[in-house]
Visitor: 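I have a structure I would like to understand better, so I am pasting it below and will then ask my questions one at a time.
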Amino acid sequence: MKTCQLDQNRAPLHRALEDYRSRRVVPFDVPGHKQGRGTPELTAFLGKPCLSVDVNSMKPLDNLAHPTSVICEAEALAADAFGADAAFFMIGGTTSGVQAMIMSVCKAGDAIILPRNVHRSAINALIVTGIRPIYVDPGTHARLGISLGMAADDVVRAIRENPDAKAVFVNNPTYYGICPDLRAIVEAAHEAGMAALIDEAHGTHFYFGENLPVTAMEVGADMSAVSMHKTGGSLTQSSLLLMKRGRIDPSYVRTIINLTQTTSASYLLMSSIDIARKALATKGRETFETVCELAEYGRREINDIGGFYAFSREIVNGRDVCDFDITKLSVHTLGIGRAGVEVYDLLRDDYEIQIEFGDMGNLLAIVSVGDTRANIERLVSALSEIKRLHSREGLDLLDHEYIPPVVRLSPQEAFYAPRTSVPIRSALGRVTAEFVMCYPPGIPILAPGELVTQDALDYILYAKEKGSLVMGPQDMNIDYLNVVE
């Protein structure tokens, strides 16, 4: 590809698809719907403009597995916009980005240092590859019951005790908006000769807003996976893998990505990344200034209701909470005698408001590029009415979200070990061979290889009773659990 000027007003893949559509090409390739003509009901639902560019790789449109033209340019623009040396379009979500990061620096038998409150995608990578986890327990907030970040001194201790580890994996931020001392952790990893890998699934906007937490690329992390679709405005399942040159060869990372990423990459997803990146790079600062103002307004109004606690930077303690993402409208609900998941259900069923998730004591409303003041006011009004109509006192509510794990086997050993299915209440004291988690956020309550403790069992049964989407086990009713024989 010829060297091009990195003009952030350009969206080369989007432009190429527009050119393709204008040429009225007769398709004798896949997909079989032939620009929507073969599926009239689907075309009526999604629209002819959408189906007309749901196409296959071809020379004018480049190929994601080996980009040399418009996708290559679009990825270069993404890298420039995010302050990275290289960027890769990921159309398997940040799940695929997380797994590519881990697989790029670790092999079977290697060790990786990571917080236990990781998304299941990271532990899935360990199951597939046979990489050994060195878990660092995050802090737990005494009032909120939520898991926090890894403290830098805990990471340093883990590095010192496991000098053979190949990488340190970090959440920035957590689902609730908690950020660790990212700079110190990255520096500690690099001083020990380890790669620093950052899950920034919920931190796309950090790169474009002001007065927001520090980013992985800013502190020199080796790689970062960002969910463009979560807060960046692209289509669901579209993400970016960012990297700095030096420790890891970008061409090798591309090879790793191609081990698991589809060879039939969606041009709808890729073009949405291209278009969203352009908007972020050219208007991101002003956009996220508005987003922050909306979130702070919502936080003040919710706290004025009473009973609810919309927390923010006041929980920063300099150790396991070193910054907070103020765009996350994280709300503690136990003050009105209701679990977060109960308020979640009430908002959806009675007020037609869909928030991101509710757990045992908290709920999370994502405020981002498409929100308005009217939407915030509607949420605040609904929460005020829920307090008036549904508050309870003196109830026995579970007050914590994070369950410290008791690891007995590696995830791979447990997952592939001989197993037996037992009633879930009879699993107490056994080693689980499968995941159990609430989704969202997809952080395992139990992961393969961990002991089923009373705390974990109580949490699972309580979450199920309260209506959380509990998933992971082979038994989809969560009445039985596979344990290691």
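Throughout, residue positions are numbered sequentially from 1 according to the sequence presented.
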Visitor: Between Ser381 (side chain) and Arg378 (backbone), is there a donor-acceptor pair under 3.5 Å?
Guide: no

Visitor: So how far is it from Ser312 OG to Lys328 NZ, rounded to the nearest 0.5 Å?
Guide: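 Result: 12.0 Å between the selected atoms.
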
Visitor: Step through it carefully: locate the ring centre of Phe288, locate the ring centre of Phe208, and say whether they are under 6.0 Å apart.
Guide: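 Not under 6.0 Å, so no.
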
Visitor: In this structure, which one of Ile273, Leu241, Leu269 forms a side-chain contact (heavy atoms from CB on, under 4.5 Å) with Phe89?
Guide: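 When Ile273, Leu241, Leu269 are each tested with Phe89, the side-chain contact (heavy atoms from CB on, under 4.5 Å) holds only for Ile273.
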
Visitor: First locate atom SG of Cys50, then atom CG of Leu42, and finally report the distance between them rounded to the nearest 0.5 Å.
Guide: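 The SG atom of Cys50 sits 8.0 Å away from the CG atom of Leu42.
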
Visitor: I would like to know whether Leu268 and Val53 meet side-chain contact (heavy atoms from CB on, under 4.5 Å); could you show each step before the answer?
Guide: CA-CA 7 Å; Leu268 299 177; Val53 291; 3.8 Å; yes

Visitor: So does Ser368 get a backbone contact from the side chain of Asp371, meaning a donor-acceptor N/O pair under 3.5 Å?
Guide: yes

Visitor: Return yes if some donor-acceptor pair links the side-chain N/O of Asp320 with the main-chain N/O of Met150 below 3.5 Å, else return no.
Guide: no

Visitor: Kindly indicate whether the side chain of Tyr439, heavy atoms from C-beta on, has any atom under 4.5 Å from the side chain of Val470.
Guide: no

Visitor: Looking only at heavy atoms, which two atoms of Asn362 and His332 are closest? And how far apart?
Guide: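 Result for this residue pair: OD1-ND1, 2.9 Å.
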
Visitor: Quick check: closest heavy atoms across Gly370 and Asn375, and the distance to 0.1 Å?
Guide: O-ND2, 4.5 Å

Visitor: Could you check whether Lys244 pairs with Glu218 (Lys NZ or Arg NE/NH1/NH2 to Asp/Glu carboxylate O, under 4.0 Å)?
Guide: no

Visitor: Side-chain contact, heavy-atom cut-off 4.5 Å: Leu364 with Val331?
Guide: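 No. Closest side-chain heavy atoms not under 4.5 Å.
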
Visitor: Sub-3.5 Å donor-acceptor pair from the side chain of Lys387 to the main-chain atoms of Ile305, do we have one?
Guide: yes

Visitor: Show the numbers, then the answer: is there a side-chain contact (heavy atoms from CB on, under 4.5 Å) between Asp359 and Val341?
Guide: CA-CA 5 Å; Asp359 63 16; Val341 67; over 6 Å; no

Visitor: Between Ala447 and Thr432, which heavy-atom pair has the shortest distance, and what is it?
Guide: O-CG2, 3.1 Å

Visitor: Would Phe169 and Val105 count as a side-chain contact (heavy atoms from CB on, under 4.5 Å) if you check the C-alpha gap in whole Å, the side-chain angles of each, and the deciding distance to 0.1 Å?
Guide: CA-CA 11 Å; Phe169 185 95; Val105 299; over 6 Å; no

Visitor: Output, in order, the C-alpha distance, side-chain angles, deciding distance and verdict of salt bridge (Lys or Arg N to Asp or Glu O under 4.0 Å) for Arg392 and Glu342.
Guide: CA-CA 12 Å; Arg392 297 182 297 189; Glu342 292 179 303; 3.2 Å; yes

Visitor: How long is the gap from CG on Asp325 to OG1 on Thr174, to the nearest 0.5 Å?
Guide: 9.0 Å

Visitor: Report yes or no: does Ser271 contribute a side-chain atom to a donor-acceptor pair with the main-chain N or O of Tyr267 at less than 3.5 Å?
Guide: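 Side chain of Ser271 to backbone of Tyr267, a donor-acceptor pair under 3.5 Å: yes, one is there.
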
Visitor: So, are Arg425 and Asp479 salt-bridged, with charged N and O less than 4.0 Å apart?
Guide: no

Visitor: Would you call Ile336 and Val343 a side-chain contact if the rule is heavy atoms closer than 4.5 Å?
Guide: yes

Visitor: Are any of the side-chain heavy atoms of Thr94 and Val226 separated by less than 4.5 Å?
Guide: no

Visitor: Is there a side-chain contact between Val98 and Arg120, using heavy atoms and a 4.5 Å cut-off?
Guide: no

Visitor: Between Arg116 and Glu450, does any NZ, NE, NH1 or NH2 come within less than 4.0 Å of an OD or OE carboxylate oxygen?
Guide: yes

Visitor: Which heavy-atom pair separates Ser421 from Tyr480 by the least distance, and what is that distance?
Guide: OG-CB, 3.4 Å

Visitor: Any chance the side chains of Asn171 and His202 put a donor and an acceptor closer than 3.5 Å?
Guide: no

Visitor: Do the side chains of Ile113 and Met194 get nearer than 4.5 Å, heavy atoms only?
Guide: yes

Visitor: Could Asp154 and Arg319 be called an ion pair, given the rule that one side-chain N must be under 4.0 Å from one carboxylate O?
Guide: yes

Visitor: Is the side chain of Arg299 donor-acceptor paired with the backbone N or O of Ile326 at a distance under 3.5 Å, no angle test?
Guide: yes

Visitor: Test your reading of the model: is there a side-chain donor-acceptor pair from Ser238 to the backbone of Ile91, 3.5 Å cut-off?
Guide: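 Such a contact is absent between Ser238 side chain and Ile91 backbone.
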
Visitor: Distance-only, no hydrogens or angles: does the Ser121 side chain make a donor-acceptor pair with backbone N or O of Thr95 under 3.5 Å?
Guide: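 Side chain of Ser121 to backbone of Thr95: no pair is present.
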
Visitor: Of the non-hydrogen atoms in Val452 and Ala427, which two are nearest, and what is the gap between them?
Guide: CB-O, 3.2 Å

Visitor: Taking C-beta and beyond as the side chain, do Phe415 and Val484 meet within less than 4.5 Å on heavy atoms?
Guide: no

Visitor: Any carboxylate oxygen within less than 4.0 angstrom of a Lys/Arg side-chain nitrogen, looking at Arg373 and Glu377?
Guide: yes

Visitor: Take Ser468 and Met360 through the test side-chain contact (heavy atoms from CB on, under 4.5 Å) and record every step on the way to the result.
Guide: CA-CA 9 Å; Ser468 290; Met360 298 308 95; 3.5 Å; yes

Visitor: Within the 4.5 Å heavy-atom criterion, are Met228 and Leu280 side-chain neighbours or not?
Guide: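 Of all side-chain heavy-atom pairs linking Leu280 with Met228, at least one is under 4.5 Å.
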
Visitor: Tell me if a side-chain donor or acceptor on Glu413 pairs with a main-chain N or O of Ser410 at a distance below 3.5 Å.
Guide: yes

Visitor: With rounding to the nearest 0.5 Å, note down the distance linking OG1 in Thr333 to CG in Leu363.
Guide: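 Output value for this atom pair is 6.0 Å.
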
Visitor: Side-chain donor-acceptor pair under 3.5 Å between Gln354 and Tyr344, yes or no?
Guide: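 Per modelled atom types, Gln354 and Tyr344 side chains form a pair under 3.5 Å.
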
Visitor: Quick check on side-chain contact (heavy atoms from CB on, under 4.5 Å): which of Met243, Met223, Gln261 does Phe88 satisfy it with?
Guide: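 It is Met243, the one option of Met243, Met223, Gln261 that forms the side-chain contact (heavy atoms from CB on, under 4.5 Å) with Phe88.
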
Visitor: Would you say Asn172's side chain and Val214's backbone share a donor-acceptor pair under 3.5 angstrom?
Guide: yes

Visitor: Any ion pair linking Arg419 and Glu485 (charged N to carboxylate O, less than 4.0 Å)?
Guide: no

Visitor: Please round to the nearest 0.5 Å and tell me the distance separating atom CG of Leu329 and atom CG of Leu379.
Guide: 6.5 Å

Visitor: Out of curiosity, Cys438 SG to Ile445 CD1, how far, rounded to the nearest 0.5 Å?
Guide: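 Rounded to the nearest 0.5 Å, the SG-CD1 separation comes to 4.0 Å.
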
Visitor: Would you check if there is a donor-acceptor pair between the side chains of Thr231 and His205 at a distance under 3.5 Å?
Guide: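 Distance-only check passes for His205 and Thr231.
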
Visitor: Testing Asn117, Asp455, Asp137 for side-chain hydrogen bond (donor to acceptor under 3.5 Å, both in side chains) with Tyr402, which one passes?
Guide: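 Looking at Asn117, Asp455, Asp137, the match for Tyr402 under the side-chain hydrogen bond (donor to acceptor under 3.5 Å, both in side chains) is Asp137.
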
Visitor: Should Lys283 and Glu286 count as an ion pair when the cut-off is N to O under 4.0 Å?
Guide: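 No salt bridge links Lys283 with Glu286.
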
Visitor: Please determine whether side chain to side chain donor-acceptor pair (under 3.5 Å) holds for the pair Gln8 and Thr282, giving the CA-CA distance in whole Å, both sets of side-chain angles, and the decisive distance to 0.1 Å.
Guide: CA-CA 7 Å; Gln8 291 294 338; Thr282 57; over 6 Å; no

Visitor: Got a sec, which pairs hit ring pair (Phe, Tyr, Trp, His ring centres under 6.0 Å) with one end in residues 350-375, sequence neighbours left out?
Guide: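 Pairs touching residues 350-375 that pass the test: Tyr175-Phe357, Tyr176-Phe357.
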
Visitor: Looking at every heavy atom in both Arg313 and Pro213, which two are closest together, and how far apart are they?
Guide: NH2-CD, 4.4 Å

